[in-house]
S.K.: 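Could you have a look at this structure, given as structure tokens, before my questions?
In this text, all values refer to a predicted model and were calculated from it rather than measured experimentally. Basis for what follows: all heavy atoms, side chains included, without hydrogens, waters or symmetry-related copies.
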Amino acid sequence: MSTNPAAAAAPAKKGYLTVFALPTDPSFVTSHDIFNKWYNQVHIPDILSVASFRSAIRYARAGVVPSNPALSSTANDVTYPKDAKWEYLAVYLVDDVEKARRYPDSGFYHVPLEHEMLPAEGQVMDMARWEMGFWEVVAESGEQSDSQKQTDIILVPVDSSDIPGYDLPGAHPSAVLDYSRKGWQGPDPVRSTLLKFIAPVPGGDGTGYKQYLAVHEVEPDTEATVKPEFKTVKYKLLEKFGA
């Protein structure tokens, strides 16, 4: 029996869910310990129990001091996405990004959003500001992904139209990834991944994002920058979860 190619299921697209967080509850002025305990011990395991969600990595923005936020120094850092200096970033690898983001079928939308250890009467969405979006992996370079390797990341938001001569949509992703390192100083990244924005989590408006996000993994405490025309934000590794 022949198979109709048009009727065959489309191949799964590997992708990521990014969750930027900025704790805002007054109780977090002196410490983020409860926030991070809930995130690491409760929320991440809840998310990784959902089909398609394979692993997670949590980062803190460079300069943030979770145990004493009063000592944090992010005054000179850029804002992305939108107008916030997000203090935390969680990155979830998903095997099938379309399945993972499908609303309301995905188990992601049924993960508990309240817990007794939290302030704001235990309501997750009320204790912090959140920005969440789904991305497709469109280009990669460097070493193979290693769940045991400890790396920080530098984020470079970029549009294909940022590249001279590529002012039309559809520039080849590898060219965009290369251009995101224009003016790079210091050791080469261990690994680089280019993500293409698909959509915000339902309830978000999707504004404030560029077309692509280049994620450059670098050795811990590596000082590397790109030219000022690019917004860049460095995040320090907190913890890895899953495979």
Side-chain angles (χ1 to χ4, degrees), residues 11-20 57 59-63 74 76-86 88-94 97-98 101 131-146 149-200 204-237:
K13 297 179 182 178
K14 184 174 74 170
Y16 286 89
L17 166 68
T18 57
V19 180
F20 293 88
I57 308 175
Y59 300 94
R61 191 184 186 106
T74 61
N76 296 321
D77 288 347
V78 299
T79 60
Y80 183 84
K82 300 193 174 178
D83 60 349
K85 295 175 182 174
W86 306 99
Y88 295 96
L89 169 63
V91 179
Y92 299 90
L93 174 62
V94 293
V97 68
E98 293 300 334
R101 77 181 188 91
E131 184 64 36
M132 296 173 273
F134 286 99
W135 306 75
E136 178 188 355
V137 176
V138 292
E140 298 174 284
S141 66
E143 296 181 9
Q144 291 294 316
S145 181
D146 182 352
K149 192 171 184 65
Q150 306 295 295
T151 54
D152 298 332
I153 57 172
I154 294 176
L155 303 183
V156 185
V158 62
D159 286 325
S160 58
S161 58
D162 293 333
I163 306 176
Y166 286 83
D167 55 350
L168 296 176
H172 194 278
S174 61
V176 178
L177 186 59
D178 290 343
Y179 195 74
S180 72
R181 289 185 53 202
K182 180 183 178 184
W184 190 278
Q185 300 174 10
D188 289 340
V190 173
R191 178 178 173 81
S192 296
T193 304
L194 187 67
L195 308 179
K196 184 177 182 180
F197 186 65
I198 298 176
D205 59 17
T207 62
Y209 288 92
K210 286 211 170 190
Q211 182 182 6
Y212 296 101
L213 182 65
V215 182
H216 298 294
E217 300 178 39
V218 297
E219 296 287 353
D221 303 316
T222 298
E223 294 301 325
T225 61
V226 294
K227 287 188 175 181
E229 65 256 34
F230 291 115
K231 288 185 174 182
T232 64
V233 188
K234 185 171 184 179
Y235 283 88
K236 307 286 289 182
L237 177 67

S.K.: Could you give the distance from CE (Met132) to CZ (Arg101), rounded to the nearest 0.5 Å?
M.R.: 14.5 Å

S.K.: For the pair Trp86 (side chain) and Pro81 (backbone), establish whether a donor and an acceptor sit closer than 3.5 Å, ignoring hydrogens and angles.
M.R.: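 Checking the backbone N and O of Pro81 against the side chain of Trp86, a donor-acceptor pair under 3.5 Å is found.
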
S.K.: If you compare all heavy atoms of Ala214 against all heavy atoms of Leu177, which two are closest, and at what distance to 0.1 Å?
M.R.: CB-CD1, 4.2 Å

S.K.: So Arg181 and Asp188, side-chain contact (heavy atoms from CB on, under 4.5 Å) or not? Walk me through it.
M.R.: CA-CA 9 Å; Arg181 289 185 53 202; Asp188 289 340; 2.9 Å; yes

S.K.: Identify all side-chain donor-acceptor contacts of residues 189-199 below 3.5 Å with residues at least two apart in sequence or on another chain.
M.R.:
unit_1 : atom_1 : unit_2 : atom_2 : d
Arg191 : NH1    : Glu143 : O      : 2.7
Arg191 : NH2    : Glu140 : OE2    : 2.4
Ser192 : OG     : His216 : ND1    : 2.7

S.K.: Just verifying a value: how many Å separate Tyr235 OH and Asp152 CG, rounded to the nearest 0.5 Å?
M.R.: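 Reported value, rounded in 0.5 Å steps: 12.5 Å.
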
S.K.: Yes or no on side-chain contact (heavy atoms from CB on, under 4.5 Å) for Ile154 and Trp184, after CA distance, side-chain angles and deciding distance?
M.R.: CA-CA 11 Å; Ile154 294 176; Trp184 190 278; 3.9 Å; yes

S.K.: Answer whether the closest heavy-atom distance between the side chains of Leu213 and Tyr80 falls below 4.5 Å.
M.R.: yes

S.K.: Calculate, to the nearest 0.5 Å, the distance between atoms CH2 and OH belonging to Trp135 and Tyr209 respectively.
M.R.: 6.5 Å

S.K.: Measure the shortest side-chain to side-chain distance between Val138 and Val176 over non-hydrogen atoms and say whether it is less than 4.5 angstrom.
M.R.: no

S.K.: Any chance you could measure Leu89, atom CG, to Phe20, atom CZ, to the nearest 0.5 Å?
M.R.: 5.0 Å

S.K.: If you take all heavy atoms of Val91 and Tyr59, which pair is closest and at what distance?
M.R.: CG2-CE1, 4.1 Å

S.K.: Hey, could you give me the CZ/NZ distance between Arg61 and Lys236, rounded to the nearest 0.5 Å?
M.R.: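 Spacing of CZ (Arg61) from NZ (Lys236) equals 14.0 Å.
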
S.K.: Can you give me the closest heavy-atom contact between Ser174 and Ala139, atom names plus distance?
M.R.: N-CB, 4.3 Å

S.K.: How far apart are the C-alpha atoms of Val233 and Lys85, what are their side-chain angles, what is the distance that settles it, and do they pass the side-chain contact (heavy atoms from CB on, under 4.5 Å) test?
M.R.: CA-CA 9 Å; Val233 188; Lys85 295 175 182 174; over 6 Å; no

S.K.: Is there a donor-acceptor pair closer than 3.5 Å between any side-chain N or O of Gln211 and the backbone N or O of Ser160?
M.R.: yes

S.K.: Can you find a pair of side-chain heavy atoms, one from Lys149 and one from Glu219, that are under 4.5 Å apart?
M.R.: yes

S.K.: Return the set of residues passing side-chain contact (heavy atoms from CB on, under 4.5 Å) with Asp205 (not counting sequence neighbours), or none when no residue passes.
M.R.: Lys82, Thr207

S.K.: At what distance, to the nearest 0.5 angstrom, does CD1 of Ile57 lie from OH of Tyr92?
M.R.: 11.5 Å

